[in-house]
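Structure, as structure tokens:
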2 protein chains.
Amino acid sequence: MKLFASLGFDGTSTKAIAKEAGVSEGLIFKHFKNKEGLLEAIINYGMEKASVYFSEVILISEPKKRIKKAISLPFTIDPNDNQFWKLMYALKWQRAEYQPSPFVLFRASLVDAFEQLGYDNPEVEATLIEVIIDGVATQILLKNIDAGTLLETILNKHSLN
Amino acid sequence: MKLFASLGFDGTSTKAIAKEAGVSEGLIFKHFKNKEGLLEAIINYGMEKASVYFSEVILISEPKKRIKKAISLPFTIDPNDNQFWKLMYALKWQRAEYQPSPFVLFRASLVDAFEQLGYDNPEVEATLIEVIIDGVATQILLKNIDAGTLLETILNKHSLN
DNA sequence: ATGAAAAGTGAGTAATCACTTACAAGTATA
DNA sequence: TATACTTGTAAGTGATTACTCACTTTTCAT
């Protein structure tokens, strides 16, 4: 994960992975069949942890609170998961096939929340939340921004406090 | 640009580039010294075009209009430049060194605009605009979203219409 | 028309790539 | 303790990689 996140999938050799892990190169292929299999294992591992956070949002019944929680997600990224999310965002731009299903349910729950609140265009409102989450995640993962006041500012603009 | 944008820098071979361009592989190295040099040439070419759009924002003196124009930028991406921006956003996650200088001036002009408008925290407000631009660009380049009403919705939340 | 520079080619190069295979060491159960 | 299975290694494999070099063709001012 460390190497894929910093050098990219194609930029990382299986030899380098073996060295970093302190094992022989052959062992990688015994365990994961091929390089692609290793990537899939990493993604599955990460998404399993990530889907916990998504559920936490979806399970909130009060629509305003649900949207609030959704926006706060990128602000609460566990620094230990930083490399995973960097890898996920990097993959976004290269591999359309790796857009996992948890995201679909997440979006649907946002649309539902805005419908409950009687917004004119729930779909567009949900897209805007996704836009903000994507943008905040980008800034947090790549730069070191003053996240504290930013969350408040966003919630203000969206009348969510 | 086409190949780098779709397959990534490491995922694209110089042989493939030569074939796509209809020239010999050797010619690439005559013109650009090495593969990295070709990437730099592509980035310079694209940034030259992009800086025109940034100037258009910076040169607007009226602060509200300047911010409005800034937010509208990702909505007005020339489809011909789509591949370039995909490449730029993909590189973002792999190569920190390719964060070009025009962006710095652009951000400064946003902070200045919010200062003029008397906002409590112009830095955070500017960051939020960057967040939105990043997020919108991501959505527009990767998915095909209903951009029309999204822009209006954003301007509404930020009292910019 | 001439000649030198620029543009272009194609067959190389060593290095690196993902991956395989033959074999050894460890581990658990009967 | 014997056996079967898993875990692990080291030395390969052919293919592909970025890049070079000797050479030919084109361009263009004189």
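Lettering of chains follows the sequences in order, A, B, ..., and the numbering in each one begins at 1. Just so you know, these numbers come straight off a predicted model, no measurement behind them.
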Within the 4.0 Å limit for protein heavy atoms, which parts of nucleotides 16-22 of chain D are touched? Write it as a string from 5' to 3', B for base, S for sugar-phosphate only, - for none. -SBBB-B
Send over the distance from A/Leu27 CG to D/dA10 C1', rounded to a whole Å. 13 Å
Check whether any side-chain heavy atom of A/Trp93 sits under 4.5 Å from a side-chain heavy atom of B/Leu91, and report yes or no. no
Side chain A/Arg107, main chain A/Pro102, donor-acceptor under 3.5 Å: no
Hey, would you say the A/Phe103 and A/Phe54 ring centroids sit under 6.0 Å apart? yes
Hey, are A/Arg66 and A/Ser61 close enough side-chain-wise for a donor-acceptor pair under 3.5 Å? no
More than 12 heavy atoms of other groups within 6.0 Å of B/Asn80 CG: yes
Figure out the NZ/P separation between B/Lys19 and C/dG8, and round it to whole Å. 20 Å
Could you provide the dot-bracket string of DNA chain C, using ( ) for intrastrand pairs, [ ] for crossing pairs and | for bases paired to another strand, with Watson-Crick or G-U pairs below 3.5 Å? ||||||||||||||||||||||||||||||
What is the separation between atom CG on A/Leu7 and atom C1' on C/dC17, rounded to the nearest whole Å? 15 Å
N/O (side chain, A/His31) to phosphate O (OP1/OP2, D/dG8) under 4.0 Å: yes
Considering residues, nucleotides and ligands other than B/Asp120, do more than 12 of their heavy atoms fall under 6.0 Å from its CG? no
Regarding A/Lys35 and the six-membered ring of A/Phe9, is the cationic atom NZ or CZ under 6.0 Å from the ring centre and inside 45° of its axis? yes
Does the distance from a Lys or Arg side-chain N to an Asp or Glu carboxylate O, for B/Lys157 and A/Glu125, drop under 4.0 Å? yes
